[in-house]
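Each chain gets a letter, A, B and so on, in the order its sequence line appears, and its residues count up from 1. We use all heavy atoms of the structure for the numbers below, so side chains are in, but hydrogens, waters and symmetry mates are not.
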Amino acid sequence: MRIATWNVNSVRSRIDRVMGVLQRHDLDVLLLQETKARDDQFPALALEGSGYEFVNHGLNQWNGVGIISRVGLEDVQKGFSDMPSYGDPAVAEARALGATCGGVRVWSLYVPNGRELGHDHYHYKLDWLARLRDTAEGWLIEDRQAQIVLAGDWNIAPTDDDVWSVEYYADKTHTSEPERKAFEAVVDAGYTDLVRPYTPGPGVYTYWDYTQLAFPKKRGMRIDFLLGSPAVQERMKGASIDREERKGKGASDHAPVIIDLTD
DNA sequence: ATGGTAGCATAGCTA
């Protein structure tokens with residue numbers, strides 16, 4: 001069983017690349033972030049007859065998370081309990097979407113960016129991650145054997161190996177100690193990085209800024225992760241980052257990250 | 001010194 005996560009940066013503008021990624025990696029499940037589409041705007045037509053079904057959770061032109069699956073989409077859940085919100089409470093932010101696909105509980109997550117150290121959005125990010133940790137810890141307390149994958153754009157580079165320049169990010173979000181602690185707290189709750197053992201760093205990234213030729217200059221960050229519960233860890237066969245997908249005209253600024261599980 | 005690029009509510013915000 002193959003599961004991937006990808007910050008697609010608009011599913012409508014990149015639906016051809018989405019179909020290509022599904023095919024090229026023979027994916028069973030693709031977790032999308034920044035779909036930038038309301039549920040009624042998701043490009044359903046392109047998936048018709050493909051054997052894949054989808055669900056989207058998007059309420060405005062920003063953010064939005066989606067799941068595409070060919071092994072069914074059961075118990076779909078939009079958001080999790082007591083999720084902190086930011087800004088106008090009427091415009092809820094779609095940052096978490098869960099479903100059970102082929103017996104694995106998958107979550108497509110788009111962690112708040114944080115914007116600037118000390119910004120209201122930064123505190124929202126930390127609160128949001130703490131809430132996620134508590135919720136995800138609860139799932140494992142309820143069932144130690146649960147197969148759970150927490151995947152998406154975490155907007156955190158957990159170690160210095162995960163950024164092209166420690167100095168560049170010293171006064172920016174994504175590498176601060178509170179953010180790294182918040183990420184580690186999810187790991188400590190029982191969810192480990194499924195991909196890193198197969199793609200050791202330093203210099204292994206999943207995101208490169210669109211500006212200033214960041215990709216050809218190899219100036220990236222590793223911020224997209226699939227974390228797995230113990231039962232999923234036991235099924236791991238392999239993992240990869242599809243750096244090729246970042247190349248060429250019309251690429252997302254993020255690369256897909258893929259895990260391969262035993263059947 | 002506040003650009004550089006890309007996306008969508010095609011104007012100014014978010015990333």
Checklist line | C1'-based separation of B:dA11 from B:dA6 [nearest Å] | finding: 15 Å
Next item on the list: Could you tell me the separation between the CH2 atom of A:Trp154 and the P atom of B:dA15, rounded to a whole number of Å?
Entry: 18 Å
Next item on the list: Output the single nucleotide from B:dA9, B:dC13, B:dA15 whose closest atom is nearest the side chain of A:Arg95.
Entry: B:dA15
Item checked: Cluster link A:Val186 to A:Tyr124, ILVMFWY, side chain under 4.5 Å -> yes
Check: What is the distance from CG of A:Asn9 to P of B:dT14, rounded to the nearest Å?
Finding: 15 Å
Check: A:Trp62 has a side chain; which of B:dG4, B:dG12, B:dA15 sits nearest to it?
Finding: B:dG12
Checklist line | Protein-nucleotide distance (A:His254, atom NE2; B:dA6, atom P), rounded to Å | finding: 14 Å
Next item on the list: Pick base, sugar-phosphate or nothing for A:Gln41, based on heavy-atom distances below 4.0 Å to the nucleic acid.
Entry: sugar-phosphate
Checklist line | Modelled atom types, side-chain donor and acceptor of A:Thr211 and A:Asp209, under 3.5 Å | finding: yes
Note to self: Tell me whether the rings of A:Trp208 and A:Tyr205 are parallel (<30°), tilted (30 to 60°) or perpendicular (>60°).
What the structure shows: perpendicular
Note to self: If I take atom CZ in residue A:Phe42 and atom C1' in nucleotide B:dC8, what distance separates them, rounded to the nearest angstrom?
What the structure shows: 17 Å
Note to self: From the set B:dG7, B:dA15, B:dG4, return the single nucleotide nearest to any side-chain atom of A:Lys36.
What the structure shows: B:dG7
Notebook entry, point to check: Taking the C1' atom of each, how far is B:dC13 from B:dT2, in whole Å?
Noted result: 16 Å
Note to self: What contact category does A:Tyr110 fall into here, base, sugar-phosphate, or nothing, at under 4.0 angstrom with non-hydrogen atoms?
What the structure shows: sugar-phosphate
Check: Can a side chain N or O of A:Gln61 be found less than 4.0 Å away from OP1 or OP2 on B:dA15?
Finding: no
Margin query: From C-beta outward on A:Ser13, which listed nucleotide comes closest to its side chain: B:dA15, B:dC8, B:dA6?
Written below: B:dC8
Notebook entry, point to check: OP1 or OP2 of B:dA6 sitting under 4.0 Å from any side-chain N/O of A:Ser10?
Noted result: no
Checklist line | A:Leu59 CG - B:dC8 C1' separation (whole Å) | finding: 16 Å
Notebook entry, point to check: OP1, OP2 of B:dG7 versus side-chain N and O of A:Arg12: anything below 4.0 Å?
Noted result: no
Margin query: Does the plane of the ring in A:Phe54 sit parallel, tilted or perpendicular to the ring in A:Phe42? Use 30° and 60° as the thresholds.
Written below: parallel
Next item on the list: Look at A:Arg38 and B:dC8 and indicate whether a side-chain polar atom (N or O) is within less than 4.0 Å of OP1 or OP2.
Entry: no
Margin query: Distance check, C1' atoms only: B:dA9 and B:dT14, in whole angstrom units.
Written below: 13 Å
Next item on the list: Please state the C1' separation for the pair B:dA15 and B:dG3 - nearest whole angstrom.
Entry: 15 Å
Checklist line | Nucleotide B:dA15, atom P - distance to CD1 of A:Ile223 in whole Å | finding: 12 Å
Margin query: Testing the 3.5 Å rule here: is there a donor-acceptor pair between the side chains of A:Arg105 and A:Ser229?
Written below: no
Next item on the list: Measure the acute angle between the ring planes of A:His119 and A:Tyr86, then classify it against the limits of 30° and 60° as parallel, tilted or perpendicular.
Entry: tilted
Next item on the list: Provide, to the nearest angstrom, the distance between the OH atom belonging to A:Tyr210 and the P atom belonging to B:dG7.
Entry: 5 Å
Next item on the list: Using the closest heavy atom to pick a nucleotide of DNA chain B for each, name whichever of A:Arg14 or A:Gln212 lands nearer the 5' end.
Entry: A:Gln212
Next item on the list: Let me know the distance between OH of A:Tyr207 and P of B:dA6, rounded to the nearest Å.
Entry: 12 Å
